Amino acid sequence: MDRKLETRQGKVLPIKFYSRATLSVARDLLGKVLRVRDGRTWRSGYIVEDEAYLRDDPACHSYNGLTKRNQSMFKGPGTAYIYRIHQVHCINAVTRPGEAVLIRAIEPIQHIRSSTNGPGRLCRALGITQDKHDGLSFVDSKDLQIASNGEFAKFGLGVSARVGISEAIDEPYRFYVEDNLYLSR
DNA sequence: CTTCAGATCCCCT
DNA sequence: GGGGATCTGAAGA
């Protein structure tokens, strides 16, 4: 990997970053680097769209408590929660117990070969699967990380209702980088 | 441009 | 047995 790309990788976010109010974490994840190991290098992109899911939130997978599927949501701040829906994988960053941020779109940085606008598509582009990555820690894992490199340009913060849910459909818990070219839809 | 059905299977009730 | 934090392609306005 050349030096310029090395620099662009940035520093892994500490567990402290995730141990905060989920809405704050969702806002602050915009512009951070999501990366997945691909041999000697990374597949990576800037997070440009995400959604918060809270504990007392009918749209949240943990709303009815701990189950087999959502157990990663209770493994602590900075855990990756990956679930499948309709043959597609989606990735979340866990914050407080039972709360998480769904990553919905990334702007490609490195080794991205297919579209990344949408939670299912970005997981496919990065090679993220439930089998390989569910329950890993973004803080400790050598294969799955979120980092800050300080290079993402200043941006306007967009806020809207969440996408694709049938409960709590009006809550303004979706955050995105205004005018970014890689948003979903 | 927008809406809508279908795919397809794992998880939960 | 029913539905889903999705995606795609087809049809309509």
Side-chain angles (χ1 to χ4, degrees), chain A residues 17-18 20-32 34 36 43 45-108 112-138 144 146 157-185:
Chain A
F17 178 91
Y18 301 96
R20 299 180 296 139
T22 301
L23 291 171
S24 298
V25 175
R27 281 189 291 264
D28 293 345
L29 277 174
L30 296 177
K32 299 299 189 291
L34 172 64
V36 180
R43 299 187 194 193
Y46 291 111
I47 296 168
V48 295
E49 176 183 341
D50 62 30
E51 289 176 352
Y53 287 86
L54 309 184
R55 197 62 225 283
D56 189 22
D57 175 0
C60 185
H61 286 180
S62 70
Y63 188 63
N64 292 315
L66 178 66
T67 67
K68 181 181 172 187
R69 179 178 72 165
N70 69 23
Q71 55 187 326
S72 294
M73 297 185 82
F74 298 91
K75 283 191 173 179
T79 299
Y81 165 49
I82 293 148
Y83 67 92
R84 280 177 85 172
I85 181 173
H86 290 84
Q87 302 309 104
V88 165
H89 300 269
C90 299
I91 185 168
N92 296 253
V94 175
T95 56
R96 291 173 173 168
E99 305 199 346
V101 178
L102 170 69
I103 300 172
R104 289 193 55 88
I106 63 173
E107 175 181 319
I112 299 297
R113 303 176 61 168
S114 60
S115 56
T116 57
N117 57 324
R121 280 187 283 253
L122 80 86
C123 282
R124 180 159 54 105
L126 291 172
I128 292 168
T129 65
Q130 188 175 45
D131 278 358
K132 285 189 291 189
H133 301 106
D134 183 46
L136 293 181
S137 166
F138 285 114
L144 180 66
I146 299 177
L157 173 67
V159 182
S160 81
R162 295 173 293 187
V163 174
I165 54 174
S166 55
E167 304 281 342
I169 61 176
D170 293 326
E171 300 292 347
Y173 295 163
R174 171 174 172 258
F175 303 95
Y176 58 95
V177 174
E178 276 183 338
D179 301 320
N180 188 273
L181 296 176
Y182 298 93
L183 301 179
S184 65
R185 304 188 297 179

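Note that this is a predicted model, so its numbers are computed, not measured. Each chain gets a letter, A, B and so on, in the order its sequence line appears, and its residues count up from 1.
Side-chain atoms of A:Ser72 and A:Asp134 include a donor-acceptor pair closer than 3.5 Å. A:Ser62 and A:Arg55 are linked by a side-chain donor-acceptor pair at a separation below 3.5 angstrom, with hydrogens and angles left out of the test.
One interatomic measurement links the two molecules: OH of A:Tyr63 to P of C:dG4, which rounds to 15 Å at whole-angstrom precision. When rounded to the nearest whole Å, the span between CD1 of A:Ile85 and P of B:dC10 equals 14 Å. Rounded to a whole Å, the OH atom of A:Tyr83 is 14 Å from the P atom of B:dC12. If you measure from atom CD of A:Glu49 to atom C1' of C:dA5, you get 12 Å, rounded to the nearest angstrom. Taking atom NE2 of residue A:His89 and atom P of nucleotide B:dT8, one finds them 15 Å apart after rounding to whole Å. In this structure, A:Ile82 places its CD1 atom 16 Å from P of C:dT6, rounding to the nearest Å. Rounded to whole angstrom, the span from the CG atom of A:Asn64 across to the P atom of B:dC12 amounts to 10 Å. In this structure, CZ of A:Arg55 is placed 16 Å from P of C:dA5, rounded to the nearest angstrom.
Nucleotide C:dA5 is matched to nothing when pairs are restricted to Watson-Crick or G-U wobble geometry with both distances under 3.5 angstrom. If you check B:dT8 for Watson-Crick or wobble pairing at under 3.5 angstrom, you find it has no partner at all.
Ranking C:dA5, B:dA7, B:dC12 by closeness to the A:His86 side chain, first place goes to B:dA7. Listed candidates were B:dC9, B:dT13, C:dG4. Nearest to the side chain of A:Gln87 is B:dC9. In the set B:dC12, C:dA5, C:dT6, C:dA5 carries the atom at the smallest distance from any side-chain atom of A:Cys60. The side chain of A:Arg104 lies closest to C:dA5, out of B:dA7, B:dC12, C:dA5.
Backbone-only engagement by A:Arg124 is indicated by non-hydrogen atom pairs under 4.0 Å involving sugar-phosphate atoms exclusively. A:Leu102 comes within contact range of at least one nucleobase, with a heavy-atom separation under 4.0 Å. A:Arg69 comes within 4.0 angstrom of sugar-phosphate atoms only, judged by non-hydrogen atoms across all strands, and of no base.
Side-chain contact between A:Tyr176 and A:Glu51 is absent, with no heavy-atom pair separated by less than 4.5 Å.
Projected onto DNA chain C by closest heavy-atom contact, A:Ser166 and A:Pro119 fall at different nucleotides, the more 5' of which corresponds to A:Ser166.
Salt bridge absent: A:Lys32 and A:Asp50 never bring a charged side-chain N and a carboxylate O closer than 4.0 Å.
A parallel orientation is assigned to the rings of A:Phe138 and A:Tyr18, their planes being inclined by less than 30° (bins at 30° and 60°).
Stacking between A:Tyr53 and C:dA5 is shown: the ring centroid lies under 5.5 Å from the centre of the six-membered base ring, and the planes differ by under 30°.
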